[in-house]
Structures are given as C-alpha cells and as structure tokens.
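Structure first, commentary second.
Whatever order the structure lists ligands and atoms in, that order sets their numbers, starting from 1.
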Amino acid sequence: MTEEYILSEGKARIAISMDGYKVFYNPLAKPTRTLGVAFVYGEGLFRNNELVIADVLAATGVRGIRYVLESGYVSKAFFNDKSKLAYRVIAKNIENNGINILSQLTRMDANRFMHQNRYQIDFIDVDPYGTPSPFLDSAVSTVKNNGIIAITATDLAPLCGIYKRPTLRKYSSISIHTEYCHEIAVRILIKSLAEAAGRHMRYIDLISGHFINQYIRVYARIVEGKRGYPHDNIGYLIHCEDHLMIQSCRMDELKDMISQHITCKNLLIAGPLWIGPLHNFSYISKILDNINGLRAVDSDIRWLYKILSIFKEETDFPPYFYDLHRASKRLGISVPKLDMVIEALKSVGYRCVRTHFRGTGIKTNADYRTFLDVLGGL
Ligand SMILES: C[S@@+](CC[C@H](N)C(=O)[O-])C[C@H]1O[C@@H](n2cnc3c(N)ncnc32)[C@H](O)[C@@H]1O
C-alpha cells in the first residue's frame, strides 16, 4: 500500500490518493470547509455542548476531520462514503490526524447511512457531486430534532437558469439567468430544503445560504412540527425589463404582481424560492464575537472574519442585488468604484451594502430605477 500524495488543509493533513488512485479532493472547496468549521463551532457555542457530526459523502474525509480538529465541539464523528477507495483513504486520514477515538467509518449508500443512524446526529453534512436533491429527504427526516443540515450544490447550470428542465425536475422551481442568478440559485436550494422538511412534518430555521468558489452551501436548523413552516418566506422574483424593475412577492401575491405587468413583453419570473433573510444575524454575530476561540489556522480565522462580516451586513436586504458592471453598461458609462456608489445611495437616504455574491454587486432598498439614476448622476 503506497500513499502518494499528502497535503495540508487548515489543521488537517490529508492523503488524497492510495495505490496510485486518486480520491475526489477539490482545493477550490476549501473556503466552504472553513465556513463549515465556523458553523460547527457556532452550533457548539449556541448549545454550549459538544455535537455528533456526520460527513456522509466524505471522499477523503477532509471536511469532517477539519470539523473535529478546528471547531473544538465534536464528541463523535461519522464518516461515510460508498467508494471502496475513499473508505481506505478516510481510514488512513482518520489515523494520521489522531482522531480514531471519536470517529466511526462506514461504506454504504448515504441515504441508507442516514436512516440507519436516525436521530443520532446533531450536524449532517451532505456534500455530493452536483445536486443534493437525492439526499434531502433522508437528511431532514433523520437528523435529531433541532439538528443542523449543511448541504452543497454545484449544479449551477440548472440552478442559475441556463437549463430549465433539470431545475424543475430536481428543485421544482424555475430560475433565470440574470446578473444575480447565483443568489437565485442559493434561494432555490433553500426553498427545496424547506419543502423537504415540510414533507416530514418539520421546518427549517435558516442559518446561512451562500455562494463561494462555484459552491452553493446552505446551513439550516431542522425543527419538528408544522406551525413554524416558513410560508411567508417562500415566493417569487419578478424581473421586468420593460419597467426596469425587480420585485419579490409571496406565493399568494403572484397573481396581483403579474397583473401589474400584463402588457410587458420582457417579464421574467423565478421561483418558487426563498425570499426571507439569507443569514441568521444573531447566529453569525455570535460566531464573530467568539471568532478567536476557533482552533483554525490564523489565515482562515482572518478570512472567516471578513466573509462572516459581509454575511451579517447583507442579511436584511431584498432577495437580489444590482451589478455595477451590468448597470454601467446599460447606462453607457465607465464603471465607478463600489464604495462611491454605496456612499451616493446612502447620501440620498437608502440603505446599501456590498454582497458576498459578487465583487461588483450591491444590495440596497432602493429600486432599480433609483439605483440607475444615482449611478448615472455620479
Ligand atoms: C463531492 S465528493 C465529497 C467531497 C468531500 N466532502 C470534500 O469536502 O472533499 C462526493 C463523494 O460522495 C461519494 N458518493 C457519491 N454518491 C454516494 C452515495 N449515494 N452514497 C455514499 N457516497 C456517495 C463519492 O464516492 C465521493 O467520494
């Protein structure tokens, strides 16, 4: 048996191949794992207790291993992958990182694994290739009451509205390919998780939805009961190019909203999707306030501080953003500095922040025409 390639990520040392065969490992997903560490830590802080976690599609096990080493709040970690090679690599990685005592490794289908460990797990991480939709029902129905589900989606073409039919098939939604399509993608995934929970008489309490390095990630608490189902946070986005207007509405408001655009030739509709706040402000604040208690490496802590601060700022804004490039092109002007535009909007009384979705994106409560007027007046 030869280990061919070992690398470091955060506090973990990870073999990514064995006997000449590579197991899936994408360095681009590192920030999503670092954020995962922060949310396991956040949950430990929230409960003031240790957690049982499960990395159900583990590949090398890097995600779960980092959660153990860097959050300081894991009492037991399940690792699972159906691949024989991954199983062997994970076993080696668990040993190399000195976490045998609290780890349990299995090689089975992820859905079967979750059902076999029903109500045993506080934090389930579902990190598949492409879409997580085949795993949502098992995850939301088997996690402990008040437990956390973390899910990844990387099937951006359907979620961002490039292909329509797969979006309907996998998420029962329609997306649109606009400058803010990655936010639409995150919001469709949150809605799908909420729907899956609803099917099992549970509901979601969203912690965060974000898009980083081509990875969509959603973290939500899953709670027993139907009263808390977030009906008012599920709806549609209406994008009217004739009126230069973007609006959101609840499911039951769609008819009235469309009737205002009955003669419009360029009306786009996305949804159903999540129209509520994108992050839980107090949860993110608590992680930020305690960021130095994380056992992560310093550079990751500094990065987490920056990204979580942006999450916190952008929490309470409409479910879309405006893009400076796109808007400047529309006006035929050169692209001004983001800070200048933010200041200009604030000076006329609007709330306004940058967004993690795009370096040239702005979230504001100003409508799109007002935004264009302010931009054109600079
Ligand atoms: C995208 S990789 C996981 C990446 C890993 N979590 C990380 O952060 O590097 C997906 C893994 O899921 C495994 N897999 C795919 N379908 C599965 C299933 N139905 N049950 C269990 N494992 C599965 C694959 O073998 C692969 O190792």
Considering non-hydrogen atoms only, spot the tightest contact between Pro318 and Glu183 and give its length. O-OE2, 4.1 Å
Charged N to carboxylate O under 4.0 angstrom, Asp242 versus Lys265? no
Quick one: do Glu179 and Arg326 make a salt bridge, cutoff under 4.0 Å? yes
So which bit of Thr152 gets within less than 4.0 Å of ligand 1, heavy atoms only: side chain, backbone, both or neither?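 The answer is neither; Thr152 stays 4.0 Å or more away.
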Test of understanding: given a 4.0 Å heavy-atom threshold, classify the contact between Ala29 and ligand 1 as side chain, backbone, both, or neither.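 Neither; no heavy atom under 4.0 Å.
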Might you work through the ring-ring contact (aromatic ring centres under 6.0 Å, His included) test for Tyr203 and Tyr229, ending with a clear yes or no? CA-CA 5 Å; Tyr203 63 90; Tyr229 192 80; 8.0 Å; no
Kindly say whether the aromatic ring centers of [X] and [Y] come within a distance under 6.0 Å.
X	Y	value
Tyr368	Tyr322	yes
His279	Phe311	yes
Tyr180	His239	yes

If hydrogens are left out, which of Asp81, Asp127, Thr106 has an atom nearest to atom 25 (O) of ligand 1, that is, the closest non-hydrogen atom? Asp81
Close-contact set for ligand 1 against [X] heavy atoms, below 4.0 Å:
X	value
Arg33	7 (C), 8 (O), 9 (O)
Ala59	3 (C), 4 (C), 5 (C), 27 (O)
Met108	20 (N), 21 (C)
Ser83	25 (O)
Ala110	18 (C), 20 (N), 21 (C)

Among Ile65, Ile16, Val62, find the residue that satisfies the side chain to side chain contact (heavy atoms under 4.5 Å, CB included) test when tested with Asn93. Ile65
I'd like to know if [X] contacts ligand 1, where contact means a heavy-atom distance under 4.0 Å to any ligand atom.
X	result
Phe135	yes
Pro128	yes
Arg112	no
Tyr25	no

How far is [atom] from its nearest protein heavy atom, and which residue and atom name does that atom have?
atom	value
atom 3 (C) of ligand 1	Leu57 O, 3.1 Å
atom 16 (N) of ligand 1	Lys82 CE, 3.6 Å
atom 2 (S) of ligand 1	Phe24 CD2, 3.5 Å

If the plane angle is over 60° it's perpendicular, under 30° parallel, otherwise tilted; pick one for Tyr67 and Phe123.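 Plane angle over 60°, so perpendicular.
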Is there a donor-acceptor contact under 3.5 Å linking the side chains of Glu9 and Tyr25? yes
Please check whether Asp109 reaches ligand 1 - meaning an N/O of the residue sits under 3.5 Å from an N/O of the ligand, judged on distance alone.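 It does: an N or O of Asp109 is found under 3.5 Å from an N or O of ligand 1.
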